[in-house]
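Numbering starts at 1 and runs along the sequence shown. When reading the values below, keep in mind they use all heavy atoms of this one structure, side chains included, and skip hydrogens, waters and symmetry mates.
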Amino acid sequence: MSQSPIILPVVLLLLPVLVLPSRGSSPECPWLDNKGEFQVQKILTVLGSMEPMEEIPYDCFLPLPPIDFTHNMSLGAAAAIVDKVARETIRLYSKKCHQLGHTQKDCSELLHLLHQLSQWVAPCLTDTGEYKEVTEQVTKQFRQMARNPGNAACARHNIWAATTHYYQQVARLTSLMIKQRLMN
């Protein structure tokens, strides 16, 4: 019992050392300072308005890739993933947005939000080579979506569903990084 009063001050003194924030969690990281969560939610809202409404055959659904990159992640790794998802979405929708049946307004708004997110994340990147294994998986999955064979309705739906799925995970990851930053 006599050690308890000593333990708490020691833990409080060591806590900042044990959870040193990475370079990415400094004020130089506008992704976490400029309401990144709100930005990702705006992207999800635009994607929601872009959902294809046409009937599609039951057998055209592609299984969504398991994405679980929100656990035990450094801020640098999280920033690399968000940046990769944003850049791949920009590439995909820059080429295919109108082919997917979306309006000019929706395409422009989505691309604007994606570019802004990418700009906010860029200063948070520490060493993208360090996270190449994780980001290569994102690239591979987006490229597979872009080459989605089958009928056009299936392709439109599967691209939309997978993109929305990715941004739901980006929203979780952004929220987690903001919470970690606040704890630091």
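Here Gln169 contributes atom CD and Thr164 contributes atom OG1; the two are 12.0 Å apart, rounded to the nearest 0.5 Å. To the nearest 0.5 angstrom, Met50 atom CE is 12.5 Å from Thr45 atom OG1. Annotation: the span from His115 atom NE2 to Leu110 atom CG amounts to 9.5 Å, rounded to 0.5 Å. To the nearest 0.5 Å, the span separating NE2 on His102 from CH2 on Trp160 amounts to 10.0 Å. To the nearest 0.5 Å, the span separating CZ on Phe142 from NZ on Lys84 amounts to 10.5 Å. Going from atom CD of Glu55 over to atom NE2 of His157 covers 11.5 Å, rounded to the nearest 0.5 Å.
Distance alone, capped at 3.5 Å, places no donor-acceptor pair between the Glu37 side chain and the Ala171 backbone. One N or O on the side chain of Thr135 and one on the backbone of Lys132 form a donor-acceptor pair closer than 3.5 Å. Judged by distance alone, the side chain of Ser94 and the main-chain N or O of Ile90 form a donor-acceptor pair under 3.5 Å. Side chain of Asp83 to backbone of Ala79: no donor-acceptor contact under 3.5 angstrom is found.
Annotation: side chain of Trp120 is not in contact with side chain of Val82 (no heavy-atom distance under 4.5 Å). Using a 4.5 Å heavy-atom threshold, the side chains of Leu47 and Tyr93 count as touching. With contacts defined as side-chain heavy-atom distances shorter than 4.5 Å, the pair Leu113/Leu117 does not qualify.
Nearest heavy atom pair, residue Met177 against residue Ser74, reads SD-O, 4.1 Å. Shortest non-hydrogen contact noted between Cys124 and Pro30 is SG-N, 4.2 Å.
Using a 4.0 Å cut-off between charged nitrogen and carboxylate oxygen, Glu54 and Arg156 count as a salt-bridge pair.
If you chain together hydrophobic residues whose side chains sit under 4.5 Å apart, Leu182 and Leu176 fall into the same group.
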- request: Kindly indicate, with the supporting measurements, whether the criterion side-chain contact (heavy atoms from CB on, under 4.5 Å) is fulfilled by Trp31 and Leu75.
  value: CA-CA 11 Å; Trp31 168 45; Leu75 186 54; 3.6 Å; yes
